[in-house]
Amino acid sequence: MSGATLTADAGVADEQRAALFDYLLRLGDDALILSQQLSEWCGHAPVLEVDLSLANIALDLLGQSTLLLDAAAKIEGGTRDADALAFHRDVLAFRNCLMVEQPNGDFAQTITRQFLYSAFQAPYFAQLTASTYTPLAEIAAKALKEVTYHADLAAEWVIRLGDGTYESRQRMLDGLDWHWRFVDELFDMDAIESGLAAAGIAPDRAALRAEFDAKVAQVLSDATLPAPEYPRATRGGRVGHHSEHLGHLLAVMQFLPRTYPDAEW
Amino acid sequence: MSHDWPLWEVFIRSKGGLSHKHVGSIHAPDAELALRHARDTYTRRLEGVSIWIARSSDIVASDPAQAGELFEPAESKVYRHPTFYDIPDIVKHI
């Protein structure tokens with residue numbers, strides 16, 4: 001990595017640059033991968049209105065990932081831009097959490113994933129608006145309203161499906177049973193983020209768990225669904241240990257720019 | 001699925017001070033989701049600042065077969081338009 005070349009880098013200590021780059025990839029990859037998953041519903045949702053809802057969320061997340069990966073590229077200070085980070089990185093270099101790479105499954109499974117992720121992302125981005133790293137605080141402020149709406153819409157659907165028909169309820173139970181094991185990873189802190197948290201750049205994920213649990217409990221109660229349990233959490237995305245699903249997703253997402261590197265829209 | 005859901009009419013206020021205007025209809029299982037469906041379907045390009053929705057079945061509409069008796073009598077009453085009248089010069093601020 002080269003030295004500070006951009007004014008946006010001012011205030012970032014050299015020893016924090018590698019950590020900040022990794023951290024921006026985590027945020028950007030979460031948004032990018034979840035966006036790609038949601039966009040696969042386009043044209044396939046149960047009804048036209050839901051098709052548009054899911055596509056809107058996918059586009060919001062794609063916009064967030066563009067800003068976050070662009071910030072990552074600037075911190076890296078090399079020749080890579082946001083597109084290079086999105087389309088020319090291999091699976092082991094992705095830093096998204098495992099939850100966002102889980103398959104869409106049926107509509108209830110997609111809604112469960114969205115509900116759990118957005119219920120984490122909304123309070124997290126609210127904290128991120130106070131980041132001492134100004135570019136990140138600005139991205140969070142722009143994204144917060146989008147994310148708040150995602151959390152609200154997904155919660156409404158959890159309630160409709162959980163408190164709906166026998167079948168919709170069973171599908172919600174299956175969705176929660178699958179996704180609950182990926183919740184703990186959302187709140188994991190490691191050396192990278194602890195250092196950034198101490199510098200006021202990143203929020204403390206662990207401190208947001210109680211708020212998340214209270215929100216989930218309230219929505220599941222409205223949905224007449226039992227509190228989920230899973231004996232053992234699954235984690236590893238932040239250090240590149242991904243499930244098989246991410247490789248398949250990237251194969252589809254990266255095929256065109258890798259096969260035709262000079263292709264223009 | 002959508003044939004199980006009632007139809008809702010969507011009205012959008014494009015900016016403060018203007019009236020809500022009918023823009024179309026959507027399907028939704030209930031009012032709260034209808035509002036969100038309307039937002040996701042009709043305000044993607046900054047079309048509005050406020051949304052009303054109403055169950056289509058709650059709209060009471062005039063019968064097209066009665067169009068003659070309802071609307072045609074107004075055709076011959078041009079004096080109901082303000083432009084029908086000459087305004088005297090001494091009247092200001094009109």
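Any value given below was found using the heavy atoms of this structure, including those in side chains, with hydrogens, waters and symmetry copies removed. Because the structure is predicted, anything quoted here is derived from the model rather than measured. Protein chains get the first letters and strands the later ones, always in sequence-line order, with residue 1 at the start of each.
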For residues 52-91 of chain B, the ring-ring contact (aromatic ring centres under 6.0 Å, His included) pairs (sequence neighbours left out) are B/His20-B/Trp52

How far apart are the closest heavy atoms of B/Asp40 and A/Leu52, and which atoms are they? O-CB, 4.0 Å

Mind checking the OG1-CG spacing from B/Thr41 to A/Asn56? Nearest 0.5 Å is all I need. 8.0 Å

Can you confirm whether more than 12 heavy atoms, excluding those of B/Lys15, are under 6.0 Å from its NZ atom? no

Part of residues 137-152 of chain A lying next to chain B, heavy-atom separation under 4.5 Å: A/Tyr149, A/Asp152

Compare every heavy atom of B/His27 with every heavy atom of A/Glu49, then report the nearest pair and how far apart it is. OE2-N, 2.6 Å

Separation between CD of B/Glu32 and CG of A/Leu153, rounded to the nearest 0.5 Å: 12.5 Å

So what's closer than 4.5 Å to chain A heavy atoms on B/Arg36: side chain, backbone, both or neither? both

Under 4.5 Å from any heavy atom of chain B - which part of A/Ile57: neither

Crowding at CD, B/Gln66 (>12 non-hydrogen neighbours, <6.0 Å): yes

